[in-house]
Amino acid sequence: MRLYNTRTRSVEELEPLDRQQVRMYVCGLTPSADAHLGHARSFLFFDVLRRFLIFRGMRVTFVQNVTDIDDRSIATAQAEGVSWREVVNRYFGSFKASMRRMHVLEPDVEPRATGYITPIVAMIEELIRRGFAYVAPDAVYYRVKAFPRYGALAHRNLEELMIGARIEPGEGKQDPLDFALWKFAKPGEPEWPAPWGAGRPGWHIECSAMSDALLGVPFDVHGGGLDLIFPHHENEIAQSEPLMEHPPMANFWVHGGLLEFDGRKMSKSLGNFEPLSALLDRHDAQAIRWLFLMTGYRKPMNFREDAIAGATVALGRMYDAYDALRETPPSDDDSRPAGSVKAYRERFVAALEDDMNTAGAVSVLFDLAGSARDLIAAGAASEAAAFLHEAMSVLGVSPNERTLPRRPPTVLSARSLDVAGKPFALSGPQDPELPGELVAQLRPLVEPAVSLNGCAPREAVERTILARAAAKARRDFASADDLRRALAAVGITLVDTKEGATWSLSH
RNA sequence: GGCGACGUAGCCAAGUGGUAAGGCGGAGCUCUGCAAAAGCUCUAUUCCCCAGUUCGAUCCUGGGCGUCGCCUCCA
């Protein structure tokens, strides 16, 4: 398959260093605040990339780190008067729960920086020994000018980077571009022992140490958001490659486009987001995944909440098509040629092989869904259903993983009643939040046909529905329609079924 | 200021040197007494603007304009 490589700024064929084995390292979260939808976009993309590689028959080793120690989580902890571990566990736990809700596959390894202090210290020692780092009063710093290729990933030269770079008060760096590998602990800060003084790793070094420890360098794919290119990934390269015989550290550097909200990057520092978990409480997780799939992974994407509603409808129709295909009894007509869905499959795979064109792949699935009738008529229903299932699995929205409720939605309570001597199943929301004034609103619309004396809102709705059913039974359609309109006027949507009727509250 | 990305219908969005996928929404129709669901049909003479290259450009080149990102912590 072909993938865009930030390192070379071109689309290249992905050829694993080990045949049939792709080693991936994706920069995970620094749990110092709530995760947001922008994080979800990134992790969802790498999840689909991983699923597709597996689908193509490769073994994938997927490492995603947790930077569980950094300045920000310490600051949050101090502000709240709790331990930094508590802060990390809280936000990381919430993040993991959200990932599970979106059916993001578990990483094969999910290392925490604090679990790799020993290799981190060893790597820093080696960098010092080779002249790439030095010990200052406040920290151990990386000597950027010692690494001639610095800036290559971000396509920047040192002069460009010097602009705006400065040494903050209290920093003992020798050059404004230098960055900390190890920060000595101030009183009250967490610390781990090290030859140069107790402290904590700086941001960046954990990824260099852990990717080497768990995957070995060089490896195949290093991923993250576009905003990690500089300085994070540039610094990882500067730390790792001087110690390697055969750079580059990673063959492919893959970066996902950022999510914007109101035309601005969604980010922790701007605070222009709501927690991912809150969004997942309001929307279907698979619909959010589907929404991201419909946009190229490298493009900036402006988030609008109403787009999720559109994606929810679209994905629901996809499932409907799948259900229709799957529920079609096997054809007894064996004359049909096998492989009616072969062309769809080829287009689907070709789209994903072309730099993960998920939007193109999704459109193939819509094409297939639109042709469901023809496929059924051609006796290819089960073949099409099987393909759709497989294709949706690659995208992480397989019917097995379905989180979208089947229609009719939220029918949680049902009662068996009797209308005109026939059974009548009445169903509606379990605990409807009906406005208290509903009875007063409904009464003038339905009386005297229906008596609502002393009714609670829910009972009023049900009485009206039953009255309408009775009217239908005596073929008094005019009255039945009046009652439907009356219910609609107070926000009740009524759907007739073979067995009876289902109602719901239209917000 | 430097570097980079993006700019396609009401909204979202794919894509190609040869004449615009798909989704949402909207409109009409079919089918069900009505409604819902489902199905069918329609919905960009045109791809931010201007020049250039070309037989031909939305796609290539140059110049604008606009939006965003990175250059400082952020997927």
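Naming convention: chains lettered A, B, ... in sequence-line order (proteins, then strands); numbering from 1 in each chain.
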So which one's nearest nucleotide on RNA chain B is more toward 5', A:Asn302 or A:Tyr4?
->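 Final value for this comparison: A:Tyr4.
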Mind checking who [N] pairs with, Watson-Crick or G-U wobble, both distances under 3.5 Å?
N     : result
B:G33 : none
B:A44 : none
B:G52 : B:C60
B:A14 : none
B:G69 : B:C3

When all nucleic acid strands are considered with a 4.0 Å heavy-atom cut-off, which category describes [X]: base, sugar-phosphate, or nothing?
X        : answer
A:Leu291 : nothing
A:Arg9   : sugar-phosphate
A:Gly256 : nothing
A:Gly28  : sugar-phosphate
A:His255 : nothing
A:Thr295 : sugar-phosphate
A:Arg373 : sugar-phosphate

Rounded [atom1] spacing from [N] to [M] in Å:
N     : M     : atom1 : result
B:U61 : B:U54 : P     : 16 Å
B:G66 : B:U8  : C1'   : 15 Å
B:A9  : B:G4  : C1'   : 29 Å
B:A21 : B:C12 : C1'   : 14 Å
B:G63 : B:C55 : C1'   : 26 Å
B:C31 : B:G23 : P     : 25 Å
B:G22 : B:A44 : P     : 12 Å
B:U45 : B:U19 : C1'   : 10 Å

Reckon A:Lys268 has a side-chain N or O less than 4.0 Å from the OP1 or OP2 of B:A75?
->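 Indeed, a polar side-chain atom of A:Lys268 lies that close.
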Tell me the interatomic distance from [X], atom [atom1], to [N], atom [atom2], rounded to whole angstroms.
X        : N     : atom1 : atom2 : answer
A:Asp323 : B:A37 : CG    : P     : 17 Å
A:Asn235 : B:U72 : CG    : P     : 11 Å
A:Leu352 : B:A14 : CG    : C1'   : 13 Å
A:Asn357 : B:A14 : CG    : C1'   : 6 Å
A:Ile492 : B:A35 : CD1   : C1'   : 15 Å
A:Arg298 : B:A13 : CZ    : P     : 15 Å
A:Met356 : B:A14 : CE    : P     : 14 Å
A:Glu160 : B:U72 : CD    : P     : 12 Å

Going by side-chain contact (heavy atoms from CB on, under 4.5 Å), name the residues that satisfy it together with [X], two or more places apart in sequence or in a different chain.
X        : answer
A:Glu168 : A:Arg166, A:Glu171
A:Ser42  : A:Phe46
A:Arg156 : A:Ala154, A:Glu160, A:Leu161, A:Phe230
A:Arg7   : A:Asn5, A:Leu153, A:Pro248, A:Asn251, A:Trp253

Can you name the atoms? Protein N/O to nucleotides 20-25 of chain B N/O, anything below 3.5 Å, with the distance.
residue: B:A21; atom: N3; partner: A:Ser363; partner atom: OG; Å: 3.4
residue: B:C24; atom: OP1; partner: A:Arg317; partner atom: NH1; Å: 2.8

So A:Phe366 and A:Trp290, would you call those rings parallel, tilted or perpendicular, with 30° and 60° as cut-offs?
->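 Ring orientation of A:Phe366 relative to A:Trp290: perpendicular.
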Would you please classify the geometry between the A:Tyr142 ring and the A:Phe147 ring as parallel, tilted or perpendicular, with 30° and 60° separating the classes?
->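 Answer is perpendicular, since the angle exceeds 60°.
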Are there any protein N/O atoms within less than 3.5 Å of an N/O atom in nucleotides 31-33 of chain B, and if so, which ones and at what distance?
residue: B:G33; atom: O6; partner: A:Arg468; partner atom: NH2; Å: 3.2
residue: B:G33; atom: N1; partner: A:Asp481; partner atom: OD1; Å: 3.1
residue: B:G33; atom: N2; partner: A:Phe477; partner atom: O; Å: 3.3
residue: B:G33; atom: N2; partner: A:Asp481; partner atom: OD1; Å: 2.4
residue: B:G33; atom: N2; partner: A:Asp481; partner atom: OD2; Å: 2.5

Residue A:Pro231, side-chain atoms from C-beta onward, closest of B:G7, B:A13, B:U72 |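 Looking only at side-chain atoms, A:Pro231 lies closest to B:U72.
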Among B:G7, B:A38, B:A35, the nucleotide that comes nearest once only the side chain of A:Asp320 is considered |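 Nearest listed nucleotide: B:A38.
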Under the salt bridge (Lys or Arg N to Asp or Glu O under 4.0 Å) rule, collect the residues that match up with A:Asp374, sequence neighbours excluded.
->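 Scan of A:Asp374 (salt bridge (Lys or Arg N to Asp or Glu O under 4.0 Å), adjacent residues dropped) gives none.
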Have a look at A:Phe348 and tell me which of A:Leu395, A:Val362, A:Asp367 forms a side-chain contact (heavy atoms from CB on, under 4.5 Å) with it.
->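 Exactly one candidate clears the test, A:Leu395.
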Tabulate below the donor-acceptor pairs under 3.5 Å that side-chain atoms of residues 100-107 of chain A make, not counting sequence neighbours, or state none.
residue: A:Arg101; atom: NH1; partner: A:Asp281; partner atom: OD1; Å: 3.2
residue: A:Arg101; atom: NH2; partner: A:Leu280; partner atom: O; Å: 2.8
residue: A:Arg101; atom: NH2; partner: A:Asp281; partner atom: OD1; Å: 3.1
residue: A:His103; atom: ND1; partner: A:Gln286; partner atom: NE2; Å: 3.3
residue: A:His103; atom: ND1; partner: A:Glu401; partner atom: O; Å: 3.1
residue: A:Glu106; atom: OE1; partner: A:Lys96; partner atom: NZ; Å: 3.2
residue: A:Glu106; atom: OE2; partner: A:Lys96; partner atom: NZ; Å: 3.3

Enumerate the residue pairs fulfilling salt bridge (Lys or Arg N to Asp or Glu O under 4.0 Å) with a member in residues 22-38 of chain A, sequence neighbours excluded, ordered by first and then second residue.
->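 Listed once each, the pairs would be none.
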Would you mind listing every salt bridge (Lys or Arg N to Asp or Glu O under 4.0 Å) that reaches into residues 223-234 of chain A, with sequence neighbours excluded?
->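 For residues 223-234 of chain A: A:Asp227-A:Lys265.
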Contacts under 3.5 Å, N or O only, protein and nucleotides 66-69 of chain B:
residue: B:C68; atom: O2'; partner: A:Glu260; partner atom: OE2; Å: 2.5
residue: B:G69; atom: OP1; partner: A:Lys265; partner atom: N; Å: 3.1
residue: B:G69; atom: OP2; partner: A:Arg264; partner atom: NH2; Å: 3.2

Taking the six-membered ring where the residue is Trp, are the ring centres of A:His204 and A:His233 under 6.0 Å apart?
->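 For A:His204 and A:His233, the ring centres are not under 6.0 Å apart.
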A:Trp84 ring center near A:Tyr91 ring center (under 6.0 Å) =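 That pair fails the under 6.0 Å test.
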Have A:Asp70 and A:Ser73 got a donor and an acceptor in their side chains that come within less than 3.5 Å?
->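 A pair is found: one side chain offers a donor N or O, the other an acceptor, under 3.5 Å apart.
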How would you list, by chain and number, every residue that makes a ring pair (Phe, Tyr, Trp, His ring centres under 6.0 Å) with A:His283, sequence neighbours excluded?
->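 Result, ring pair (Phe, Tyr, Trp, His ring centres under 6.0 Å) vs A:His283: none returned.
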